[in-house]
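What follows is one structure encoded as structure tokens, with my remarks underneath.
When a residue number appears, it is its place in the shown sequence, counting from 1.
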Amino acid sequence: MARMLVVCAVCSVTVGVAHAERFDFEFAASYSETELSDGPFERDFSASAKLSGAWFYRGFSDDEGPRALAAFTDRASSIEILYGVDDKELFHDITMIDLSARHVWRDSGWFLAGAISANDVETEFTTDQ
């Protein structure tokens with residue numbers, strides 16, 4: 001019974017502290033490595049790193065729903081940029097830059113979106129064994 005009261009008290013404090021926040025920026029970074037050890041591409045190593053950021057130039061709030069959907073539910077306008085490097089030991093290296101923008105008219109829900117991407121691919125493929 002005492003444990004149940006403690007759990008209820010913690011839940012009550014958590015619910016009381018949760019509140020809507022306003023967001024203007026969002027940043028993300030990722031890194032991954034893969035190594036294939038079977039099949040025709042033995043010893044193929046791949047590493048990928050990405051860095052992205054978004055500026056919501058009119059801001060948005062998560063008071064209408066979960067944070068993951070807040071940019072959609074609050075009809076947020078944004079400018080986003082992504083920089084990534086993909087290094088594949090056996091085949092190629094890729095450097096990518098993506099730029100995208102979305103403007104949402106909040107009253108009507110109509111939006112205009114566009115994107116541009118530039119990729120630099122360096123290929124080193126040989127059939128020599």
Nearest 0.5 angstrom please: D93 CG to D87 CG, how far? 4.5 Å
Hydrophobic cluster membership, I79 vs F27, 4.5 Å side-chain cutoff: yes
Nearest heavy atoms of F111 and V104, plus distance in Å: CB-CG2, 3.8 Å
Looking at every heavy atom in both S52 and L82, which two are closest together, and how far apart are they? CB-CD1, 3.7 Å
Please say whether more than 12 non-hydrogen atoms of neighbouring residues, nucleotides or ligands are located less than 6.0 Å from OH in Y57. yes
Minimal non-hydrogen separation, L51 against A29, with atom names: CD1-CB, 4.0 Å
Is a side-chain donor or acceptor of R58 paired with a backbone partner of H103 at a separation under 3.5 angstrom? no
Closest approach of S108 to R75 (non-hydrogen atoms, all atoms of both residues): C-NH1, 3.7 Å
Taking C-beta and beyond as the side chain, do E26 and F56 meet within less than 4.5 Å on heavy atoms? yes
Measuring from K50:NZ to S30:OG, what's the distance to the nearest 0.5 Å? 6.0 Å
Pairwise distance CZ(F25) to OG(S78) - rounded to 0.5 angstrom: 12.5 Å
Strictly distance-based, threshold 3.5 Å: is any side-chain N or O of T95 a donor or acceptor partner for the main-chain N or O of V85? no
Please round to the nearest 0.5 Å and tell me the distance separating atom CD1 of I97 and atom CG of N119. 9.0 Å
Shortest non-hydrogen contact between D86 and S48, atoms and distance: OD1-CB, 3.9 Å
Membership question, hydrophobic clusters at under 4.5 Å side-chain separation (ILVMFWY): are M96 and I116 in the same one? no
Can you confirm whether W105 sits close enough to L112 that some side-chain heavy atom of one is under 4.5 Å from a side-chain heavy atom of the other? yes
